Amino acid sequence: MSEEKSLNFLEEIVENDLNNGKYKSIITRFPPEPNGYLHIGHSKSICLNFGLAQKYGGSTNLRFDDTNPITEDTEYVESIKEDIKWLGFNWSNEFYASDYFNQLFEFALTLIKNDLAYVDDSTSEEIAHLKGTPTEPGKDSIYRSRSIDENLQLFIEMKDGKYKDGEKVLRAKIDMTHTNMLMRDPIIYRIKHAHHHRTGDKWCIYPMYDFAHGQSDSIEKITHSICTLEFIPHRELYDWLIEKLNIFPSHQYEFARLNMTYTVMSKRKLLQLVEEGHVSGWDDPRMPTISGFRRKGYTPLSIRNFCEKIGVAKRENLIDLSLLEFCLREDLNNTAKRAMVVLDPIKLIITNYEDGKTEELHSENGPDENMGTRAIPFSKELWIEREDFMEVPEKKWFRLTPGSMVRLKSAYIVKCESFEKDNAGNVKAIHCTYFPDSKSGNDTSGITVKGTIHWVSVPHAKTAEVRMYDRLFKVENPAAEEGDFKDYINPHSLEIIPNAYIESSLTNATLDDRFQFIRKGYFCLDKDTTKDKLIFNRTVTLKDTWSKVKG
RNA sequence: UGGGUUAUUGUGUAAAGGUAGCACUACAGAUUUUGAUUCUGUCUGUCUAGGUUCGAAUCCUAGUAACCCAACCA
């Protein structure tokens, strides 16, 4: 045992509970409501819940919190399951709060029989009014003193569909003057004549979150029910219900949710971006959804590592996007296949190279020798990046400029002799000479150059569309800015290059491949790709100190 | 004017009365057939004011700030 990584507060709680014999093993759960897509914030919760169970030899249930039939749908259930699997986690059981509707109904009857719940006929306005405010106590409803028998009868009638939506609710009888607003006789059942994605039309009353979540935890014997900070006030009610129902004592613990720079995380805001067409959908590569990151080319490992690195605590946080990108590059640098792609082409002509000749050169596929090499054709005319030539070089420039020499990656050293301009004054072509004895791998020229640039042979080049994604927002914390968060959308978050020149090996790319386009960034194939048109997404740029040098 | 939660460097996160550490970012340098990677180095921090103590991020007292709570949402 050398140095041990210090534990986060949840691990401490678990270790304590295990060491003092409170539990023999732990059970956690990940409890999404199937009313939207999972985002990077959820992956923190997923990594926590599954990670804790993995670390301490317990198990984790996937439980859908589907108590509101109006907003929920199986479409979301499927996407949530796909995302969790993609992240690399397996749940022990797939459960639904709706599995427990019968049991929950029984629990409600128990409360009523113990005079701990009553049916209230008030309107929602009346209930809100009598509830008071955080600084003023509430007042009892006139229905609060109904007899147990009457409550029993009314509640059963509610279930039997005798009443319309909103006509009656079932409330826990606690304390209308409680300092915790949630303890002022919270509503635990409401009437909704709505079709449920799993139970169909069997029920017209549905339990509220507070009367479903803790009870479901208890039914599943969840030992550690982990949720985000905003549920802290619910814990008192969570505990009250478990105590009054005398059921398995699950415990709730809260951690601070993830916030990240240059994006928004609330479901409401994400929905707006989708519905108003600021992005192409939930899986748009600019979205912070798991499906968005996946499509953009992120790897599950990078997201898991990120969740590990950000830690778990109880204070509000705003994590630098650069940490996520660091984790991504760390993974991709080791695994991505290298390829040469010219995004903004300009022609380079090697004047002393034989017309019509093609040479087969070899280039390494990655940093690990086991990744091997691949053949690349070389010829007299090459596409190179427009930005790799400067007519008048700036300070510290070591790419092409009249008279300078650079190495063509995995090929020869060339010297810039001259260049052509078109009528508009734009550089059209660059003329170079090459040094035949500088061939990559057996260079006997003795020439050393500072710069190496990538290229694609003109007659062998294929084309592809490349989608260059950038951060969705211009500011670090759009949600905290004045006015509408959408005013801060980055207008350049997507720039499409319709015809980039790619090396021919890329035509065999699959959706699972990850590439580094040398000197340009990490890329992956997009699902919009067709047989006739390849489409690549930029996953993330390479770190670029040069752009900082030149400012 | 109530209740709850939280304050450690630019951003996160450790230190359970005993050297304020780690990571990211940023910056500088070395290596480099990717201005990448890798390596080395640098980087003004314990919310404030008192107190206890040989010694306080940690304990006590009083403040301050931020966030959450008044959905028949979760």
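Each chain gets a letter, A, B and so on, in the order the sequences are listed, and its residues count up from 1. Every value quoted in this text rests on a predicted model; they were computed, and no experiment measured them.
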*Could you walk me through whether A/M468 and A/T541 pass side-chain contact (heavy atoms from CB on, under 4.5 Å), step by step?*
CA-CA 9 Å; A/M468 307 286 275; A/T541 59; over 6 Å; no
_By the 4.0 Å heavy-atom rule, please label A/V549 as base, sugar-phosphate, or nothing._
nothing
_What contact category does A/Q516 fall into here, base, sugar-phosphate, or nothing, at under 4.0 angstrom with non-hydrogen atoms?_
base
*Which of the following nucleotides, B/rC73, B/rU13, B/rG2, is nearest to the side chain of A/P134?*
B/rG2
*Does A/W546 stack onto the base of B/rG35, taking stacking as ring centres under 5.5 Å apart and planes under 30° apart?*
yes
*Taking any strand in view, what nucleotide pairs with B/rG2 in a Watson-Crick or G-U wobble way, both distances under 3.5 Å?*
B/rC69
*Expressed in whole Å, how much space separates the C1' atoms belonging to B/rU40 and B/rU44?*
23 Å
*Using a heavy-atom cut-off of under 4.0 Å over every strand shown, decide if A/S322 touches base, sugar-phosphate, or nothing.*
sugar-phosphate
*Figure out the OH/C1' separation between A/Y206 and B/rA74, and round it to whole Å.*
16 Å
*Please figure out whether A/N442 or A/I232 has its closest RNA chain B nucleotide nearer the 5' end.*
A/I232
_If you only use heavy atoms from C-beta on, which nucleotide in B/rU33, B/rA14, B/rU37 is closest to the side chain of A/N333?_
B/rU37
*For the side chain of A/I310, starting at C-beta, report the closest nucleotide among B/rA74, B/rC72, B/rG12.*
B/rG12
*Would you say the side chain of A/R519 and the base of B/rU34 hold a donor-acceptor pair, judged only by whether the two atoms sit under 3.5 Å apart?*
no
*Under the 6.0 Å and 45° cation-pi test, does A/R146 pair with A/Y118?*
no
*Is A/F231 touching bases, backbone alone, or none of the nucleic acid, heavy atoms closer than 4.0 Å?*
base
*Does A/T452 make a side-chain donor-acceptor contact with the base of B/rU34, cut-off 3.5 Å?*
no
*If you check the A/K548 side chain, which of B/rA14, B/rC27, B/rU5 turns out closest?*
B/rC27
*State which of B/rC72, B/rG2, B/rG35 makes the closest approach to the side chain of A/T545.*
B/rG35
*Nucleotide of B/rC24, B/rG35, B/rA74 approaching A/E33 most closely (side-chain heavy atoms)*: B/rA74
*How is A/H234 classified with respect to the nucleic acid when contacts are heavy atoms under 4.0 Å: base, sugar-phosphate, or nothing?*
base
*Base, sugar-phosphate, or nothing: which does A/R329 touch, judged by heavy atoms less than 4.0 Å apart?*
nothing
*List the steps and the verdict of side-chain contact (heavy atoms from CB on, under 4.5 Å) for A/S363 and A/R338.*
CA-CA 9 Å; A/S363 190; A/R338 309 294 129 131; over 6 Å; no
*asked:* Suppose you measure atom C1' in B/rC27 against the same atom in B/rC54; what distance do you get, rounded to whole Å?
replied: 41 Å
*Side chain of A/M181 only, please: which of B/rU33, B/rA70, B/rA36 is the nearest?*
B/rA70
*So A/F105 and A/F155, would you call those rings parallel, tilted or perpendicular, with 30° and 60° as cut-offs?*
parallel
*Taking a pair as Watson-Crick or G-U wobble with both distances under 3.5 Å, which nucleotide is matched to B/rU64?*
B/rA7
*Watson-Crick/G-U partner (both atom distances under 3.5 Å) of B/rG12*: B/rC22
*Does a side-chain N or O from A/T67 land closer than 4.0 Å to OP1 or OP2 of B/rA74, or not?*
yes
*Parallel, tilted or perpendicular, as decided by the 30° and 60° cut-offs, for the rings of A/F107 and A/F211*: perpendicular
*asked:* Counting the atoms with a prime plus P, OP1 and OP2 as sugar-phosphate, which does A/E387 contact under 4.0 Å by heavy atoms, base, sugar-phosphate, or nothing?
replied: nothing
*Does A/H129 get its side chain close enough to the base of B/rA70, under 3.5 Å, for a donor-acceptor pair?*
no
*Identity of whatever pairs with B/rG17 - Watson-Crick or G-U, under 3.5 angstrom*: none
*Give me the one residue out of A/D185, A/D120, A/N151 that meets side-chain hydrogen bond (donor to acceptor under 3.5 Å, both in side chains) with A/R171.*
A/D120
*Pair assignment for B/rC59, Watson-Crick or G-U wobble, requiring both distances under 3.5 Å*: B/rG51
